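Let me begin by presenting the structure, written as structure tokens, before commenting on it.
In this text, all values refer to a predicted model and were calculated from it rather than measured experimentally.
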Amino acid sequence: MAYDTGLVERVADALRTLGERAVRQKNVFGGRGFLAGKHTFAIVFDEDLIVKTPPDEYDASLAAPGVTPFAPDGERPMGTWVVVSGESVADDPELAEWIRRGLRGVRR
């Protein structure tokens, strides 16, 4: 399995707590993706969280501890996607903030 099922459940719990009922899940790039409508905003991959950030929050997101650009296979980074280490989302408040950021990334 290419994703941490415990983190998937924590993301689903965070979404319920945030009142997000219309989010669905599907397998994406070997991870477990979370979609608002047709747009993926977060992917649990291994023990990390890949998040779509709003363009105006991308640089600040990269400055956060444990965050790197999402560059699959060492290629060029993909737009405003970042990888948030599992350690950086080990606490629920931090996880919820990254989920909010991902939702803003697809709703702006």
Atom of V44, atom of D4 and distance for their closest heavy-atom approach: CG1-O, 3.8 Å
Check: G86 main-chain N/O paired with D48 side-chain donor or acceptor under 3.5 Å: yes
Closest approach of V51 to W98 (non-hydrogen atoms, all atoms of both residues): CG1-O, 3.6 Å
Interatomic distance, L95 atom CG to D91 atom CG [nearest 0.5 angstrom]: 9.5 Å
P69 to Y58 - nearest heavy-atom pair and separation: CB-OH, 3.6 Å
Minimum heavy-atom distance V28-G33, with the two atoms named: CG2-CA, 3.9 Å
Distance (rounded to the nearest 0.5 Å) between K38 NZ and R24 CZ: 9.0 Å
Side chain to side chain contact (heavy atoms under 4.5 Å, CB included) between Y3 and N27, worked out: CA-CA 10 Å; Y3 57 86; N27 292 333; 3.9 Å; yes
Stepwise side chain to side chain contact (heavy atoms under 4.5 Å, CB included) check, R104 with R101: CA-CA 5 Å; R104 286 193 304 271; R101 191 171 292 176; 3.8 Å; yes
Cluster check L18, L7: I/L/V/M/F/W/Y, side chain < 4.5 angstrom: yes
Linked, directly or transitively: V106 and F70 (ILVMFWY side chains, under 4.5 Å): no
Single-linkage hydrophobic cluster V84~L15, side-chain heavy atoms < 4.5 angstrom: yes
Worked check of side chain to side chain donor-acceptor pair (under 3.5 Å) between T40 and K52: CA-CA 8 Å; T40 304; K52 171 79 172 155; over 6 Å; no
E87, CD atom: more than 12 neighbouring heavy atoms under 6.0 Å: no
Ion pair check, E94 and R10, cut-off under 4.0 Å: no
Cluster link F45 to V8, ILVMFWY, side chain under 4.5 Å: no
Atom pair CD1 (I99) and CZ (F41), whose distance is rounded to the nearest 0.5 Å: 5.5 Å
Path from V83 to L49 over hydrophobic side-chain contacts below 4.5 Å: no
Approximate separation, where rounding is to 0.5 Å, of D59 CG and E57 CD: 11.0 Å
R21 atom CZ, over 12 foreign heavy atoms within 6.0 Å: yes
Exam field: side chain T53 to backbone W81, donor-acceptor pair closer than 3.5 Å: no
Heavy-atom pair with the smallest gap, counting every atom of T68 and L62: C-CD2, 3.6 Å
Interatomic distance, D46 atom CG to S85 atom OG [nearest 0.5 angstrom]: 12.5 Å
Heavy-atom pair of closest approach, residues A2 and G30: CB-O, 2.7 Å
